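To start, the structure under review is shown below, and the notes come after it.
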Amino acid sequence: MKIIFLFTAIFTSIAMFGQTSIEIGNSSAFPRNEEVAEIPWSKVMDAYPALDTAHFRVINSTTKKELEYQLEYKGTSQIQNLLVQVNVPAKGKISLIIIKGKHKPFVSKTYCRYVPERKEDFAWENDRIAFRMYGRALELTPAEMAYGTDVWVKRTNRLILNERYKRGEYHIDHGDGMDYYHVGLSLGAGDIAPFMHDTIWYPRNYVQWKVLDNGPLRSTFQLSYDEWNIPGRTLKCTKTISLDAGSQLNKVIVDYENKSNKAFVVVTGIIKRKEPGEMLLNEKNGIMAYWEPQHGVDGTTGVACISTAPFVQMTVEHGQLLTVTLLKSPYTIEYYNGAAWDKAGKITSAREWFDYLNMFKKKMQQPLIIHIHKS
């Protein structure tokens with residue numbers, strides 16, 4: 001999840017070497033555990049201009065524990081952010097220091113890749129959950145055709161995508177989870193498409209991909225789609241998707257190219273099953289969630305979308321839960337989508353899933369506070 005930070009930088013005399021202290025504060029009344037703090041790299045370099053980017057460590061100044069970190073590039077040649085996964089107590093703060101030295105080996109908690117050997121899937125995961133999107137090659141097999149976001153449930157903190165594709169048996173649980181989620185001709189687990197004349201205008205599957213960052217704490221990639229027509233408009237879109245370590249939810253930014261320059265409606269959606277499940281359409285907080293009916297011995301999946309921008313309404317139609325948004329220039333929308341599995345043991349009921357989502361939204365509204373000090 002992207003965190004927006006407030007910064008106060010205190011600078012003393014310019015020095016070639018020194019120690020940088022990063023204070024991370026939590027003003028909320030609940031702890032912030034396993035949260036990825038995003039610190040602009042320019043602020044770090046202002047405070048420590050002689051820092052060797054290939055040779056430094058991040059230490060908790062109280063516990064003296066070394067923390068794993070990531071230099072985020074966002075697909076550019078320059079470092080954009082320092083990412084650190086932290087635990088900050090309620091109404092409390094922690095202090096980190098940056099020191100010279102070789103960091104310990106980092107264990108990746110996120111991963112994404114293009115999968116040409118499986119009909120051009122694009123798959124990604126973290127230490128909680130996994131997902132995939134379908135490529136154009138799938139359209140050559142009409143009986144398998146699907147549109148939306150797929151969920152691969154997991155009950156291990158290991159990265160397992162490559163193992164599953166290599167086995168070729170990802171519909172079977174070998175002890176680490178499986179793929180039993182059905183997408184079909186729907187938005188699946190929180191995909192997006194234009195909505196006009198009571199019709200969802202699905203694009204064809206993605207045609208280009210680009211990895212922007214790939215772990216250990218955040219993986220980000222882009223998927224691009226060919227032009228497609230909706231009444232009175234021709235659209236193209238690019239989706240930028242990020243998944244942080246420790247999170248059940250992706251951040252999704254969708255940029256539309258709209259030559260008509262006219263507003264249009266989009267829907268984010270979750271496929272609804274025939275059997276009874278539990279739904280949450282919380283328009284006040286922008287949370288649309290679904291706790292699916294149990295899928296036999298495979299367990300139960302929770303799915304959700306969280307809106308960050310004003311929307312028109314939430315509704316249930318066309319066999320899906322839908323959040324309806326009027327998209328105006330510059331035709332960009334940001335939201336979160338994701339899933340949880342009861343057999344993973346962390347979220348095991350509809351109430352726990354809905355509580356997790358409400359807390360996720362509160363964290364977005366009360367971002368961590370960052371102060372950078374140069375000693």
Side-chain angles (χ1 to χ4, degrees), residues 1-4 38 40 72-78 80-81 110 112-114 120-124 131-136 147-150 186-196 199-214 218-244 247 249-270 286 288 304-312 322-338 364:
M1 142 184 189
K2 180 179 178 181
I3 309 296
I4 301 174
E38 181 181 291
E72 183 183 34
Y73 287 82
K74 293 190 173 182
T76 71
S77 61
Q78 302 295 319
Q80 304 297 309
N81 294 303
T110 71
C112 66
R113 83 169 176 98
Y114 169 59
E120 300 180 343
D121 285 353
F122 196 97
W124 68 104
F131 305 91
R132 68 170 168 172
M133 295 288 279
Y134 302 108
R136 181 60 57 85
Y147 291 127
T149 306
D150 190 21
S186 78
L187 295 168
D191 204 3
I192 188 169
F195 185 73
M196 186 173 290
T199 301
I200 300 174
W201 297 85
Y202 298 98
R204 298 176 67 184
N205 289 335
Y206 85 87
V207 292
Q208 292 181 316
W209 60 274
K210 181 180 181 181
V211 174
L212 305 184
D213 291 282
N214 210 356
R218 174 180 294 167
S219 290
T220 303
F221 60 93
Q222 289 181 336
L223 301 179
S224 298
Y225 294 73
D226 276 346
E227 283 188 345
W228 79 106
N229 295 320
I230 68 173
R233 293 161 183 78
T234 299
L235 302 175
K236 289 180 67 174
C237 79
T238 299
K239 300 173 184 175
T240 303
I241 300 174
S242 297
L243 180 61
D244 282 2
S247 178
L249 302 180
N250 305 288
K251 178 182 176 181
V252 184
I253 301 174
V254 186
D255 295 296
Y256 285 94
E257 181 181 318
N258 176 19
K259 295 179 181 178
S260 73
N261 203 30
K262 297 178 182 178
F264 61 99
V265 172
V266 296
V267 288
T268 54
I270 300 170
M288 179 177 71
C305 293
I306 298 181
S307 298
T308 62
F311 56 90
V312 177
L322 301 175
T323 297
V324 183
T325 302
L326 178 63
L327 204 57
K328 301 178 181 179
S329 180
Y331 310 111
T332 296
I333 184 171
E334 174 185 305
Y335 69 100
Y336 290 81
N337 67 13
M364 293 168 56

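Just so we're clear, the structure is a prediction, and the values are computed from it rather than from any experiment.
Remark: Ile230 CD1 to Leu235 CG distance equals 4.5 Å, nearest 0.5 Å. Here the OG1-CD1 distance, from Thr323 to Ile270, works out to 7.5 Å after rounding to the nearest 0.5 Å. In this structure, Asp255 CG and Thr240 OG1 are separated by 6.0 Å, a value rounded to the nearest 0.5 Å. For the atom pair CD1 of Ile200 and OG of Ser186, the computed distance is 8.5 Å after rounding to the nearest 0.5 Å. Going from atom CG of Leu327 over to atom OG1 of Thr332 covers 7.0 Å, rounded to the nearest 0.5 Å. Note that the CZ atom of Arg218 and the OG atom of Ser247 stand 10.0 Å from one another [nearest 0.5 Å].
No side-chain heavy atom of Phe131 sits less than 4.5 Å from a side-chain heavy atom of Asp150. Contact check for Thr325 versus Thr268: no side-chain heavy atoms found under the 4.5 Å cut-off. Contact annotation: the side chain of Met133 approaches that of Asp191 to within less than 4.5 Å [non-hydrogen atoms, C-beta and beyond]. In this structure, the side chains of Cys237 and Tyr331 stay at 4.5 Å or more apart for every pair of heavy atoms. Counting only heavy atoms from C-beta outward, the side chains of Asn214 and Cys112 approach each other to under 4.5 Å. For the pair Leu212 and Tyr73, the minimum side-chain heavy-atom distance is 4.5 Å or more. The closest side-chain heavy-atom distance from Val267 to Leu187 is below 4.5 Å.
Within the 3.5 Å criterion, the main-chain N or O of Glu227 finds no donor-acceptor partner in the side chain of Arg204. Between the side chain of Thr308 and the backbone N or O of Glu334, at least one donor-acceptor pair lies under 3.5 Å.
Gly232 approaches Ser260 most closely through the heavy-atom pair O-CB, 4.0 Å. The two atoms that bring Asn337 and Cys305 nearest to each other are CB-SG, 4.1 Å, heavy atoms only. Listed here is the closest heavy atom pair of Lys328 and Ala263: CG-CB, 4.0 Å. Summarising the geometry of Ser242 relative to Thr220, their closest heavy-atom pair is OG-OG1, 2.8 Å, with the distance given to 0.1 Å. When all heavy atoms are compared, the tightest approach of Gly75 to Lys210 is O-NZ, 4.2 Å.
Val266 pairs with exactly one of Phe311, Phe195, Tyr335, Tyr256 by the side-chain contact (heavy atoms from CB on, under 4.5 Å) rule, that one being Tyr256. Of the listed residues (Tyr202, Trp201, Tyr134, Tyr206), just one forms a ring-ring contact (aromatic ring centres under 6.0 Å, His included) with Tyr147, and that residue is Tyr202.
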Q. Given Ile306 and Leu249, is the side-chain contact (heavy atoms from CB on, under 4.5 Å) satisfied, shown in steps?
A. CA-CA 9 Å; Ile306 298 181; Leu249 302 180; 3.7 Å; yes
side-chain contact (heavy atoms from CB on, under 4.5 Å) evaluation trace for Asp244 with Lys251 = CA-CA 9 Å; Asp244 282 2; Lys251 178 182 176 181; over 6 Å; no
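Applying the side chain to side chain contact (heavy atoms under 4.5 Å, CB included) test to Val207 and every residue at least two apart in sequence or in another chain returns Arg136, Asp226. Not counting sequence neighbours, Glu257 has no partner by the salt bridge (charged side-chain N to carboxylate O under 4.0 Å, His left out) test. Partners of Tyr225 under the side-chain hydrogen bond (donor to acceptor under 3.5 Å, both in side chains) rule, at least two apart in sequence or in another chain, are Lys239. Ala309 meets the side chain to side chain contact (heavy atoms under 4.5 Å, CB included) test with no other residue; sequence neighbours excluded. With sequence neighbours left out, Thr238 forms a side chain to side chain contact (heavy atoms under 4.5 Å, CB included) with Gln222, Ser224. Considering only residues two or more places apart in sequence or on other chains, Asp213 meets the salt bridge (charged side-chain N to carboxylate O under 4.0 Å, His left out) condition with none of them.
The aromatic rings of Trp209 and Phe122 sit tilted, their planes meeting at an angle between 30° and 60°.
No more than 12 heavy atoms of other residues, nucleotides or ligands lie within 6.0 Å of CD in Gln208, so this atom counts as exposed by the packing criterion.
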